[in-house]
Amino acid sequence: MRKNYDAIIIGAGIIGDCISFEMAKKGYKTLNVDKLSSAGEGSTANSCGVIRTHYSTWDGAALAYEGSFYWKEWEKHLGVEDERGLAKYINTGCLVFKTERNMYLKNVCRNLTDLEIEWEELTPDRIKEKMPVFNPRKFWPPRRPEDPKFWDEPTEMIDGAIFTPLAGYVTDPQLSCHNVQRAAEANGAEFRFNAEVVDIRKEGNRVKGITLQSGEEIDAPIVINVAGPHSFIVNRMAGVEDDMNIKTKALRQEVCHVPSPEGFDYEKDGCMASDGDIGCYSRPEVGNHILIGSEDPDCDTLEFVDPDNYNQELTEAQWKAQVYRMAKRVPRLAIPNQMQGIVDLYDASDDWIPIYDKTKLDGYYMAVGTSGNQYKNAPVIGKMMTELIARCEAGHDHDAEPIQYKMEITGRTINLAFYSRKREINPDSSFSVVG
């Protein structure tokens with residue numbers, strides 16, 4: 001028997017799961033389909049799970065602040081038990097370094113202040129007090145080890161930093177997806193795994209459903225693209241790319257793991273750092289390790305790839321670039337002989353700001369271009385997309401009159417035109433994973 005649903009959600013990562021959870025609570029009969037074998041097995045599994053509120057755009061900061069409340073009360077938000085246990089949020093605080101590229105955090109500090117998010121100005125001496133293993137010298141601009149100037153000794157102190165106490169990470173991002181899956185299922189949602197979508201079917205200018213690789217057709221008047229790094233492929237199936245001013249691509253990224261310096265418990269006493277001065281972000285990792293990623297400085301080449309055919313192994317050149325830059329900030333860092341870390345993909349938009357929007361095809365929506373920094377916002381995105389879809393399906397012209405979404409906890413309102421597929425490139429973006 002052919003099954004019908006109110007909404008099909010393509011993807012079972014953290015954002016797709018949160019959308020199904022919120023829609024199911026509103027009475028929609030939803031189905032998540034994913035080509036992989038379990039929830040969160042794709043790029044979410046290798047997410048750094050970072051929770052932080054510093055963004056160069058007001059909307060980015062406001063959304064992240066709202067999202068932080070759900071992670072701090074994760075069990076209460078879900079309202080269910082999971083036989084595998086619940087993912088945990090670890091609060092560490094975050095150091096954010098001032099650089100020319102981030103305009104010395106002028107916009108970031110303005111946004112934090114406006115949203116009444118606690119932050120503290122730090123001098124180089126205070127940076128050293130906060131993180132004794134950090135060298136507060138200025139290494140700007142970020143370079144790679146093959147650049148002879150990389151090895152120059154710094155002569156100046158860093159321009160300063162800020163510290164935001166509300167910041168940390170989720171211990172197991174893939175487990176968090178399973179948590180939301182169970183919460184969605186408790187409200188009637190269904191999930192199909194090992195199910196690859198090969199076609200978006202239409203009837204006139206209305207989406208009709210999907211076709212799986214097996215040939216099975218599943219009908220629904222609403223289809224939502226939350227396919228992560230494969231989102232641009234799904235949009236091409238739907239034939240909606242020509243109506244998008246902002247598009248998405250799959251971007252290969254490497255994240256390195258190294259042991260903490262001897263004598264310092266990074267897992268217990270370390271904090272997150274957004275260090276544009278060396279072009280890296282870092283956070284404590286389980287096992288007294290440090291996780292190190294690139295903040296996409298000019299010296300690091302962006303590698304856009306086919307999401308079904310890319311190098312999934314760490315490369316010596318990029319691993320060295322990130323770890324050696326971190327060793328400038330942490331002089332006592334021991335460089336291991338064997339590379340450790342992960343390789344995965346970002347779903348990156350043209351301006352690194354996501355797209356949460358309708359499309360020219362009635363009933364077809366997207367939550368894409370999540371750029372490696374939207375994991376933290378998934379609980380809010382689930383609510384926001386549910387309201388967007390409900391209002392558009394009721395006849396609201398979102399393109400002509402953008403929806404104003406009022407967030408439930410902070411009471412702040414976001415103009416969803418900020419996330420429109422038709423927007424112009426946002427000049428306030430960091431144009432990096434920082435968002």
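Positions are given from 1, in the same order as the sequence printed here. Just the heavy atoms: all of them, side chains too, but no hydrogens, waters or symmetry mates, feed the values below.
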Do the charged groups of [X] and [Y] touch, with an N to O distance under 4.0 Å?
X: Lys328; Y: Glu153; value: no
X: Lys320; Y: Glu316; value: yes
X: Asp300; Y: Arg325; value: yes
X: Arg423; Y: Asp357; value: no
X: Lys360; Y: Asp242; value: yes
X: Asp277; Y: Lys138; value: no
X: Arg283; Y: Glu285; value: yes
X: Arg101; Y: Glu295; value: no
X: Asp172; Y: Lys88; value: no
X: Glu81; Y: Arg182; value: no
X: Lys376; Y: Glu66; value: no
X: Glu100; Y: Lys98; value: no

For Phe21 and His77, I'd like to know if the aromatic rings sit close, meaning centre-to-centre distance below 6.0 Å.
yes
Would you confirm whether the ring centroid of Phe97 sits within less than 6.0 angstrom of the ring centroid of Trp140?
no
Report yes or no: do [X] and [Y] form a side-chain donor-acceptor pair below 3.5 Å?
X: Asp82; Y: Asn179; result: yes
X: Ser20; Y: Asn32; result: yes
X: Thr248; Y: Ser231; result: yes
X: His54; Y: Asn111; result: no
X: Asp59; Y: Asn415; result: no

So, does [X] use its side chain to make a donor-acceptor pair with the main chain of [Y] at under 3.5 Å?
X: Asp147; Y: Arg143; answer: no
X: Ser429; Y: Asp351; answer: yes
X: Arg329; Y: Arg137; answer: yes
X: Gln318; Y: Thr315; answer: no
X: Asp34; Y: Ala12; answer: yes

My understanding is that only one of Trp71, Tyr169, Tyr346 makes a ring pair (Phe, Tyr, Trp, His ring centres under 6.0 Å) with Tyr375; could you say which?
Trp71
Mark yes when over 12 heavy atoms from residues, nucleotides or ligands other than [X] sit less than 6.0 Å from its [atom1]; otherwise mark no.
X: Glu146; atom1: CD; answer: yes
X: Arg84; atom1: CZ; answer: no
X: Glu75; atom1: CD; answer: no

Please assess Leu166 against Arg52 for the test side chain to side chain contact (heavy atoms under 4.5 Å, CB included), listing each intermediate value before the final yes or no.
CA-CA 7 Å; Leu166 175 58; Arg52 46 96 177 178; over 6 Å; no
What verdict does the side chain to side chain contact (heavy atoms under 4.5 Å, CB included) test give for Thr164 and Ile117, after you've listed the backbone C-alpha separation in whole Å, the side-chain angles of each residue and the deciding distance to 0.1 Å?
CA-CA 8 Å; Thr164 59; Ile117 301 170; 5.6 Å; no
With a distance cut-off below 6.0 Å to the six-membered ring centre and an angular limit of 45° from the axis, does Lys72 pair with Phe69 as a cation-pi contact?
yes
Atom CG of Asp275 and atom CD1 of Ile158: how far apart are they, to the nearest 0.5 Å?
6.5 Å
Nearest-0.5 Å distance, CG of residue Leu63 to CD of residue Gln374
6.5 Å
Worked verdict on Met244 versus Asn235 for side chain to side chain contact (heavy atoms under 4.5 Å, CB included):
CA-CA 10 Å; Met244 298 170 62; Asn235 279 338; 3.8 Å; yes
Would Ile8 and Ile218 count as a side chain to side chain contact (heavy atoms under 4.5 Å, CB included) here? Give the steps.
CA-CA 8 Å; Ile8 297 169; Ile218 308 173; 3.8 Å; yes
Residues two or more places apart in sequence or in another chain: which of them pass salt bridge (Lys or Arg N to Asp or Glu O under 4.0 Å) with Glu262?
none
